[in-house]
2 protein chains.
Amino acid sequence: MKFEAVTIKDIAKALGLSTSTISRALRDSHEISAETKQLVLECAEKLNYKPNPIALSLKEKRSRSIGVVVCEIANSFFSQVINGIESIAYDRGYNVIVSQSHESYDREVVDLQFLSSRSVDGLIISLATETTDLSHIKALHDRGMPIVLFDRITEEINTHKVIVDNYRGAYDATEHLIKNGFKRIAALAGSEFLSITSERLAGYNDALKAHGLEYSKEYVQHCYYGGMVFSEVEEAVNKLLTLKKRPDAIITTSDKLTTGCLRTLKRRGISIPDEIGMIGFSNYDIAELVDPPLTVIRQPAEEMGKAATELLLQLVESKRPVKEFEKRVLTPELQVRASAIKR
Amino acid sequence: MKFEAVTIKDIAKALGLSTSTISRALRDSHEISAETKQLVLECAEKLNYKPNPIALSLKEKRSRSIGVVVCEIANSFFSQVINGIESIAYDRGYNVIVSQSHESYDREVVDLQFLSSRSVDGLIISLATETTDLSHIKALHDRGMPIVLFDRITEEINTHKVIVDNYRGAYDATEHLIKNGFKRIAALAGSEFLSITSERLAGYNDALKAHGLEYSKEYVQHCYYGGMVFSEVEEAVNKLLTLKKRPDAIITTSDKLTTGCLRTLKRRGISIPDEIGMIGFSNYDIAELVDPPLTVIRQPAEEMGKAATELLLQLVESKRPVKEFEKRVLTPELQVRASAIKR
DNA sequence: GTGAAAGCGCTAACAG
DNA sequence: CTGTTAGCGCTTTCAC
């Protein structure tokens with residue numbers, strides 16, 4: 001089952017030259033005569049020679065590959081981010097190695113360890129829900145591994161970061177609900193430890209405050225697994241529905257929470273937006289086709305992936321250690337549809 | 001920006017032993033004394049030694065990574081497949097390198113060439129729409145590269161394949177429409193050259209025939225880019241809508257075609273299923289939340305990814321050349337909802 | 001039981 | 001201009 005590749009040696013033998021000559025000719029070195037180059041190139045072509053990147057990696061101590069860790073690939077937001085990552089990586093000649101944490105800290109540790117030991121040149125990471133201890137990432141970072149964090153980030157690690165303005169997104173969404181006459185606005189959020197959760201909830205809180213609306217602790221439900229487990233969402237939504245002062249709208253702070261919430265409401269036959277208004281973070285491209293058309297805060301996911309990759313490759317390819325890091329904050333888009341407009 | 005790793009040499013130096021002894025001790029060779037092993041292991045632990053897989057790859061001519069080529073990552077079906085691939089690969093200690101063809105033949109060629117030259121141990125491929133010439137894949141296959149094809153496959157390459165019973169899925173879906181009183185059933189399909197297109201259309205045709213329904217060529221519209229380009233879908237749907245004998249139902253043969261068709265119909269204010277019934281291949285997990293709830297033929301995407309990976313690793317790890325190949329045909333599921341039921 | 005040496009494919013310093 | 005040699009990290013004969 002091996003796959004015998006043509007090496008520089010084969011060309012050398014075929015041409016009666018030394019391997020170094022071949023190597024130089026292939027790299028178009030100026031110290032090789034035009035004729036020899038010509039000869040070598042032709043022969044390489046004929047034998048279908050392909051340089052062995054493994055050998056190169058061993059020599060150069062870089063693999064031209066980058067590792068990506070997300071909680072889940074089969075998620076509209078993350079798959080779009082990966083799409084963006086892949087497209088830039090492709091343009092720059094890098095491979096993308098994808099792995100999933102499934103929101104598990106242990107799995108994230110293993111993934112990262114695996115990727116770094118596989119000599120990826122850099123890492124693009126969105127933290128797992130369970131992750132509170134960051135020493136595994138810090139250790140890599142301290143040892144010089146280029147890292148870019150996106151979406152679920154942490155201030156504890158000083159490196160490039162790419163996020164959207166989560167505060168703004170949630171603030172605007174909440175305000176949108178308020179302006180549309182909703183008064184008892186609940187929030188369905190992910191784990192409290194996630195950066196996106198606190199940022200988004202802060203926007204939600206401040207919008208309520210700014211409009212003099214009451215903020216009630218029981219109006220904020222956390223789903224530790226952020227929607228990965230549907231039953232958790234269902235339970236949380238049900239809890240909201242049984243409050244004495246039942247909310248008249250819900251804002252959801254992530255993709256899976258949004259669909260989980262919608263699914264629960266629809267299964268219970270609750271009419272949206274009449275009984276309950278809905279707005280949520282979501283990157284589904286069919287939000288407009290949903291019943292009712294879903295008002296969403298959409299993240300420029302592909303852009304985020306592209307930005308993260310550009311920043312990462314900047315680190316990877318930098319000659320000198322980078323000390324100044326950038327937090328790139330993109331703008332989420334509020335796509336207004338029927339689910340959050342009282343009729 | 002380098003990342004200085006501890007090597008076997010460092011341990012050797014620290015312990016005053018030779019690198020070969022260290023190597024053997026680490027691999028728990030029987031020709032090393034228990035004490036030495038103990039010593040080496042402790043030292044390795046202390047120095048946080050991690051074997052360099054690149055060096056190993058160079059030696060063993062395998063990289064413990066597999067390459068995946070799909071047309072698009074940000075697609076519910078493919079992201080679910082990749083999820084399945086990643087999970088098995090992870091369990092078996094392999095990395096997954098993902099790349100996208102974006103339905104382009106040229107891009108597929110480059111992707112494959114890139115991946116194989118990066119010494120992936122095997123490839124999991126779903127063909128691009130544009131691909132009709134298979135020589136690039138054949139060449140790899142002939143040179144011994146383990147390959148598993150899924151979803152969009154070809155009979156021209158004799159290797160393991162994983163698909164669903166596309167014929168059955170389309171047949172059942174069409175029959176479902178017929179049994180629900182639809183009589184003029186159109187099909188919106190992808191490129192004619194794709195295996196999934198012909199298989200699914202065959203099921204569609206045969207179901208029509210079996211029920212004595214007229215088959216009209218103009219009822220079958222092909223979108224060459226299979227929904228990647230929305231305008232193409234829109235145009236095709238519009239063409240169907242302007243036929244003198246306007247269809248009363250449409251079956252769509254892929255994820256993007258399904259959403260594209262639905263989007264077009266909704267934008268035009270056409271009521272589903274009253275004016276036109278709809279059924280389509282789709283792996284969106286929110287098909288039930290769409291308006292109207294969408295009847296879909298759902299593929300067991302994650303299973304497919306898992307099966308493909310298991311078959312691939314079987315090839316990769318086989319000692320002797322494999323001559324017998326398997327075509328694994330999974331069963332698609334018809335999820336019946338409102339969009340295909342006359343009311 | 002342990003070490004020396006060769007080699008995986010390639011590059012680069014050093015000789016001619 | 002071209003060849004020789006060493007070396008990237010590791011395994012694996014072959015010696016001792």
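First the proteins, then the strands, lettered A, B, ... as listed; each starts at 1.
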Aromatic plane relationship, His160(A) with Phe325(A) - under 30° parallel, 30 to 60° tilted, over 60° perpendicular: perpendicular
Parallel, tilted or perpendicular: ring planes of Phe77(A) versus Phe150(A), cut at 30 and 60 degrees: tilted
Exceeds 12 heavy-atom contacts within 6.0 angstrom, atom CD of Glu31(A): yes
Axis bend over the full length of the helix from dG1(C)-dC16(D) to dG16(C)-dC1(D), computed from five pairs that close each end, to 10 degrees: 60°
Distance-only donor-acceptor check, side chains Ser104(A) and Asp106(A), under 3.5 Å: no
Under 3.5 Å side-chain donor-acceptor pair for Gln113(A) and His136(A): no
Using a heavy-atom cut-off of under 4.0 Å over every strand shown, decide if [X] touches base, sugar-phosphate, or nothing.
X: Ser57(B); value: nothing
X: Leu58(B); value: base
X: Leu17(B); value: sugar-phosphate

Ionic contact status for Lys306(A) with Glu310(A), cut-off 4.0 Å: no
NZ/NE/NH1/NH2 to OD/OE distance under 4.0 Å, Glu86(A) and Arg107(B): yes
Please give, in whole Å, the distance from [N] [atom2] to [X] [atom1]?
X: Asp28(A); N: dT11(C); atom1: CG; atom2: P; answer: 13 Å
X: Arg62(B); N: dC10(D); atom1: CZ; atom2: P; answer: 18 Å
X: Lys9(B); N: dG7(D); atom1: NZ; atom2: P; answer: 7 Å
X: Ile22(B); N: dA5(C); atom1: CD1; atom2: P; answer: 17 Å

Under 4.0 angstrom between Lys37(B) side-chain N/O and dG1(C) OP1 or OP2: no
Under the salt bridge (charged side-chain N to carboxylate O under 4.0 Å, His left out) test, residues paired with Lys46(A) that sit two or more places apart: none
Nearest-nucleotide pick for Thr7(A), side chain only, options being dG9(D), dT2(C), dG9(C): dG9(C)
Shortest side-chain distance from Ser18(B), nucleotide among dA4(C), dG1(C), dC1(D): dA4(C)
Can you tabulate the close N/O pairs, meaning under 3.5 Å, that link protein atoms to atoms of nucleotides 12-16 of chain D?
| from | atom 1 | to | atom 2 | distance (Å) |
| --- | --- | --- | --- | --- |
| dT13(D) | O4 | Arg24(B) | NH1 | 3.3 |

4.5 Å side-chain heavy-atom contact, Phe193(B) and Glu130(B): no
